[in-house]
Amino acid sequence: MRDSAPVKPACVAAGLFVAWTIHDLEEAVTMPATSKLLATQLEKTQWAPAVALAGHVRTTAKESALAILLMGTLVAGAAAHGAATGGRSPFFQYVLAGLHGHVYTHIATSLRLRGYSTGLVTAMAVMLPYSLYARRVLRANGSLIEGPYPYVLGGVLLLPSTFACHILARRLIGRDFQ
């Protein structure tokens with residue numbers, strides 16, 4: 001039996017978009033229900049900032065699908081850049097690290113809700129194993145950017161991008177902030 005060929009970092013980079021797509025299909029289906037539950041919990045706190053945030057947290061199926069589509073352009077760009085550079089692209093690695101970190105936001109939200117929250121299943125079953133595997137391949141190839149910087153910069157890139165995608169989606173469908 002011969003050994004299988006090592007996975008090329010370019011294939012791992014393309015896998016980013018595949019894993020993200022699977023994950024975000026779950027989010028597209030479940031985000032409106034989770035957003036409503038989160039908004040209700042924020043309103044129940046009777047803490048003025050939380051109550052004010054509640055209207056911004058609620059999302060519709062159309063709005064979440066459009067925001068996910070917009071975010072997909074960023075993820076697709078990162079995956080393409082990663083594939084073109086054999087996984088060495090800092091942009092690709094920051095998005096990879098940011099999505100790895102994003103898994104833990106799903107866990108935290110589910111703990112806060114004491115149950116399922118949008119994206120939890122595929123965050124655990126797809127995104128976490130993929131991101132760990134991708135990092136292992138990049139490390140074996142000598143191209144992984146080690147340390148906390150990819151996570152910090154991934155968060156700095158993805159968090160405002162997520163907000164921007166949701167705000168733009170809300171504006172494009174003509175829904176006001178409440």
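- In this structure, the side chains of T60 and I173 come closer than 4.5 Å at one or more pairs of heavy atoms.
- In this structure, H166 has its ring center at least 6.0 angstrom away from the ring center of H56.
- Remark: side-chain polar atoms of Q93 are paired, donor with acceptor, to backbone N or O of I145 under 3.5 angstrom.
- Listed here is the closest heavy atom pair of G142 and R88: O-NH1, 3.7 Å.
- Donor-acceptor pairing under 3.5 Å is lacking for the side chains of T59 and S35.
- Pairing each heavy atom of A123 with each of P129, the nearest pair is O-CD, 4.5 Å.
- Hydrophobic clustering (side-chain heavy atoms under 4.5 Å, transitive across Ile, Leu, Val, Met, Phe, Trp, Tyr) keeps V95 apart from V152.
- With S110 contributing its side chain and I107 its backbone, the two residues share no donor-acceptor pair below 3.5 Å.
- Across all their heavy atoms, Y130 and L96 have their closest contact at CE2-CD1, 3.6 Å.
- At distances below 3.5 Å, not a single donor-acceptor pair connects side-chain atoms of Y94 with backbone N or O atoms of L157.
- Transitive grouping of hydrophobic side chains (ILVMFWY, heavy atoms separated by less than 4.5 Å) brings L138 and M127 into a common cluster.
- The two residues I68 and W20 have their closest heavy-atom pair at O-CH2, 3.2 Å.
- A heavy-atom distance below 4.5 Å is not found between the side chains of L42 and V51.
- In this structure, the separation between CH2 on W47 and CG on L53 is 9.0 Å, given to the nearest 0.5 Å.
- Taken together through direct or relayed side-chain contacts under 4.5 Å among Ile, Leu, Val, Met, Phe, Trp and Tyr, L120 and M31 form part of one hydrophobic cluster.
- Using a 4.5 Å heavy-atom cutoff, the side chains of L158 and M71 are in contact.
- Enclosure of atom CZ in R112 is not indicated, since only 12 or fewer non-hydrogen atoms of other residues, nucleotides or ligands lie within 6.0 angstrom.
- Although no hydrogens or angles enter the test, the distance criterion places a donor-acceptor pair under 3.5 Å between the side chain of E26 and the main chain of V121.
- Between R58 and E43 there is a salt bridge, since a side-chain N of the basic residue sits under 4.0 Å from a carboxylate O of the acidic one.
- Both L111 and M124 belong to a common hydrophobic cluster when Ile, Leu, Val, Met, Phe, Trp and Tyr are linked at side-chain heavy-atom distances under 4.5 angstrom.
- One finds the NE2 atom of H23 at 5.0 Å from the OG1 atom of T122 (value rounded to the nearest 0.5 Å).
- Atom CD of E146 sits in a crowded spot, with more than 12 heavy atoms from other residues, nucleotides or ligands closer than 6.0 Å.
- G72 and F17 make their closest contact through O-CE1, 3.7 Å (heavy atoms, listed as atom of the first residue, atom of the second, distance).
- Using the six-membered ring where Trp is involved, Y104 and H100 have ring planes that are tilted, between 30° and 60° apart.
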Requested in this report: Step by step, work out the side chain to side chain contact (heavy atoms under 4.5 Å, CB included) result for K8 and N141.
Outcome: CA-CA 9 Å; K8 296 188 184 317; N141 187 51; over 6 Å; no
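- With hydrogens and angles ignored, the 3.5 Å screen pairs no side-chain donor or acceptor of H106 with any backbone N or O of S117.
- Judged by distance alone, with hydrogens and angles left aside, the side-chain atoms of S89 form a donor-acceptor pair with the main-chain N or O of F92 at under 3.5 Å.
- Under a hydrophobic-cluster definition in which Ile, Leu, Val, Met, Phe, Trp and Tyr are linked whenever side-chain heavy atoms come within less than 4.5 Å, directly or via other members, L25 and L74 are assigned to different clusters.
- Across every non-hydrogen atom of T118 and T30, the tightest pair is OG1-OG1, 2.6 Å.
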Requested in this report: Begin from the C-alpha positions of L38 and T109 and carry the test side chain to side chain contact (heavy atoms under 4.5 Å, CB included) through to its verdict.
Outcome: CA-CA 9 Å; L38 280 170; T109 303; 4.2 Å; yes
**Report entry** Criterion side chain to side chain contact (heavy atoms under 4.5 Å, CB included) on S64 and E27, from CA distance to verdict
**Finding:** CA-CA 8 Å; S64 62; E27 286 191 335; over 6 Å; no
Requested in this report: Could you walk me through whether T34 and L113 pass side chain to side chain contact (heavy atoms under 4.5 Å, CB included), step by step?
Outcome: CA-CA 9 Å; T34 298; L113 293 175; 4.0 Å; yes
